[in-house]
Amino acid sequence: MPELPEVETVVRGLAQRVSGDVIESVWIGRKPEPLKSPAHEIALALEGANIERVERAGKHIILQLNRRTVDGEAQWIVHLGMTGQLLIVPPGSNIAKHTHLIARLRSGRELRFIDPRRFGRLAVRTVRAGEKAHEWVGGHEPLEITPEQFVALFRKRKTPIKSALLNQKLLRGVGNIYADESLFRAGIRPRHRAASLTPAELKALRRHLQTILKQAIAAGGSSISDFVDVGGESGYFQFRHRVYGREGEPCVKCKSRIKRLVIAGRSAHYCPKCQK
DNA sequence: ACTATTTCCTGGATGC
DNA sequence: TGCATCCAGGAAATAG
């Protein structure tokens, strides 16, 4: 499932391969569409637009278009949800099941959005004049937040730290995998109330979270479920998960059996001995 | 203002 | 082999 490192992997692939390209035409699938904007609005905004650059904000992919309206510049926003994929393919490639959008590019390639489970979302929006970059997304970027900001963000939250990490209004981009993995490395139990962690513990958590996100980006993300980059290649950070998806298996540090519990409807994996 | 729960969706795994 | 059931989870909607 695409979280910050997986989305970053896709964004880097897009930035490298479609920056400066022009969207010549767009095909959008029928029926219940995974769209936040109406299909005709998306087609209108995309067709003929030059992709100036591609950026990430949390789990959102932002394709900045050269198209200007009275209100500002147009952006194409893609959220991959659980199973969404953006692929760059040669023209005329087989159309995979659950393909919802095909953008034909001037370079001859096609950019396709595929999403079996339809949790992904497509939208176009206009950047308001004077708007700070990506502020509409809300939350702090985990790789940019300072230790002081991180402490301030969680100090008053009564919710379990695991839930707080997943709250995109606080931090943007952390999902179930990296929440569990960072808590393991920081030695903190997922049920631990955020407010009862000391500033030192929170700072350590931030440090481990940043380290793990950077390592995962370097590994091209975690390919559990069906994540692939724009070229269809898998990442390999899943081989370095220490708790996520390892219920019942021995802890890599102490050999205790990894436990799983459900917090706010999400599974949380942890080592009962290494995490307090 | 917060926090917790429910809902959306399909493929893969499981059980009989 | 086939069919029913359960499970995965990001984020919006709803409830408390």
Side-chain angles (χ1 to χ4, degrees), chain A residues 1-11 29-37 56-62 77-86 95-101 113-123 125 134 136-142 152-183 190-197 209 213 216 221-228 234-235 237-238 241 243-249 258-270:
Chain A
M1 37 232 66
E3 304 180 25
L4 188 153
E6 291 74 36
V7 176
E8 180 68 23
T9 298
V10 170
V11 164
R30 307 248 165 271
K31 291 299 177 191
E33 298 149 356
L35 309 177
K36 282 190 101 169
S37 308
R56 180 189 60 76
K59 299 174 192 171
H60 298 269
I61 298 164
I62 301 170
I77 312 296
V78 181
H79 194 296
L80 299 175
M82 286 283 297
T83 52
Q85 297 178 337
L86 275 177
I95 296 178
K97 202 175 169 185
H98 307 300
T99 296
H100 304 302
L101 179 144
F113 178 68
I114 299 151
D115 184 17
R117 231 181 260 167
R118 294 172 179 270
F119 277 19
R121 291 292 179 263
L122 303 177
R125 68 182 296 280
H134 310 162
W136 60 274
V137 180
H140 289 264
E141 274 295 327
L153 206 54
F154 294 109
R155 278 215 76 170
K156 290 174 186 165
R157 301 276 159 175
K158 293 193 182 76
T159 194
I161 184 64
K162 169 68 185 280
S163 301
L165 286 172
L166 294 179
N167 184 342
Q168 303 297 301
K169 295 207 160 37
L170 302 177
L171 281 184
R172 62 191 193 204
V174 180
N176 220 24
I177 295 171
Y178 301 101
D180 281 3
E181 293 297 319
S182 61
L183 286 170
R191 273 237 175 90
H192 205 115
R193 299 278 150 182
S196 60
L197 290 166
L209 176 62
L213 291 174
S222 299
S223 286
I224 64 162
S225 153
D226 41 16
F227 170 73
V228 289
S234 297
F237 196 72
Q238 65 277 16
H241 293 173
V243 287
Y244 183 85
R246 297 191 66 241
E247 181 185 12
E249 294 178 37
I258 299 300
K259 287 194 168 182
R260 185 182 81 92
L261 40 84
V262 175
I263 300 172
R266 297 284 166 268
S267 58
H269 311 75
Y270 71 103

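Quick note on labels: first sequence line is chain A, next is B, and so on, each numbered from 1.
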Using the side-chain heavy atoms of A:Tyr244, tell me which of these nucleotides is nearest: B:dT3, C:dG10, C:dG9.
C:dG9
Tell me what A:Arg193 touches on the nucleic acid: a base, only sugar-phosphate, or nothing, going by heavy atoms under 4.0 Å.
sugar-phosphate
Polar atoms only, N or O, under 3.5 Å: list the protein pairs with nucleotides 10-13 of chain B and their distances.
| unit_1 | atom_1 | unit_2 | atom_2 | d |
| --- | --- | --- | --- | --- |
| B:dT10 | O2 | A:Arg117 | NE | 3.1 |
| B:dG11 | OP1 | A:Lys97 | NZ | 3.4 |
| B:dG11 | OP1 | A:His98 | NE2 | 2.9 |

Using a cut-off of 4.0 Å on non-hydrogen atoms, how would the nucleic acid contact of A:Ser267 be classed: base, sugar-phosphate, or nothing?
sugar-phosphate
Quick one: closest heavy-atom pair of A:Arg191 and A:Val262, and the distance?
NH2-O, 3.8 Å
Between C1' on C:dA11 and CZ on A:Arg121, what's the gap in Å once rounded to a whole number?
9 Å
In whole Å, what is the span from the CG atom of A:Leu166 to the C1' atom of C:dA12?
15 Å
For the residue pair A:His60 and A:His79, does the interplanar ring angle fall in the parallel (under 30°), tilted (30 to 60°) or perpendicular (over 60°) class?
perpendicular
Separation of C:dA12 atom C1' from A:Met82 atom CE, nearest Å, is 16 Å
A:Arg260 side-chain N/O to C:dA8 phosphate OP1/OP2 under 4.0 Å
yes
Which is more 5' along DNA chain B, the nucleotide nearest A:Gly265 or the one nearest A:Arg157? Just name the residue.
A:Arg157
Does A:Lys162 reach the main-chain N or O of A:Ser267 with its side chain, forming a donor-acceptor pair under 3.5 Å?
yes
Is the base of C:dA11 stacked against the aromatic ring of A:Phe119, taking ring centres under 5.5 Å apart and planes under 30° as the test?
no
Give a yes or no answer on whether the side chain of A:Asp180 reaches the backbone of A:Tyr244 with a donor-acceptor pair at less than 3.5 Å.
no
Between the main-chain N or O of A:Ala179 and the side-chain N or O of A:Glu181, is there a donor-acceptor pair closer than 3.5 Å?
no
Polar side-chain atom of A:Gln85 near backbone of A:Phe113 as donor-acceptor pair, under 3.5 Å:
no
Salt-bridge criterion met for A:Glu3 and A:Lys59 (N-O under 4.0 Å)
no
Nearest whole angstrom, please: distance from the P of C:dA8 to the CG of A:Asn176.
10 Å
Rounding to a whole Å, what distance do you find between A:Leu80:CG and C:dG9:P?
17 Å
Considering only heavy atoms from C-beta outward, does the side chain of A:Phe237 approach that of A:Pro5 to under 4.5 Å?
no
Closest to the A:Lys158 side chain: B:dA4, B:dT3, C:dA11?
B:dT3
Check whether A:Glu6 reaches the backbone of A:Phe227 with its side chain - one donor and one acceptor, N or O, closer than 3.5 Å.
no
A:Gln168 has an atom CD; how far is it from atom P of B:dC2, in whole Å?
17 Å
To the nearest 10 degrees, how far apart in direction are the end axes of the helix from B:dC2-C:dG16 to B:dC16-C:dG2, each fit to five base pairs?
50°
In whole Å, I'd like the distance from the CH2 atom of A:Trp136 to the C1' atom of C:dA11.
13 Å
At under 4.0 Å, does any side-chain N or O of A:His79 touch on OP1 or OP2 of C:dA11?
yes
Backbone N/O of A:Arg246 and side chain of A:His241: donor-acceptor pair under 3.5 Å:
no
Separation of A:Lys162 atom NZ from B:dT5 atom P, in whole Å?
14 Å
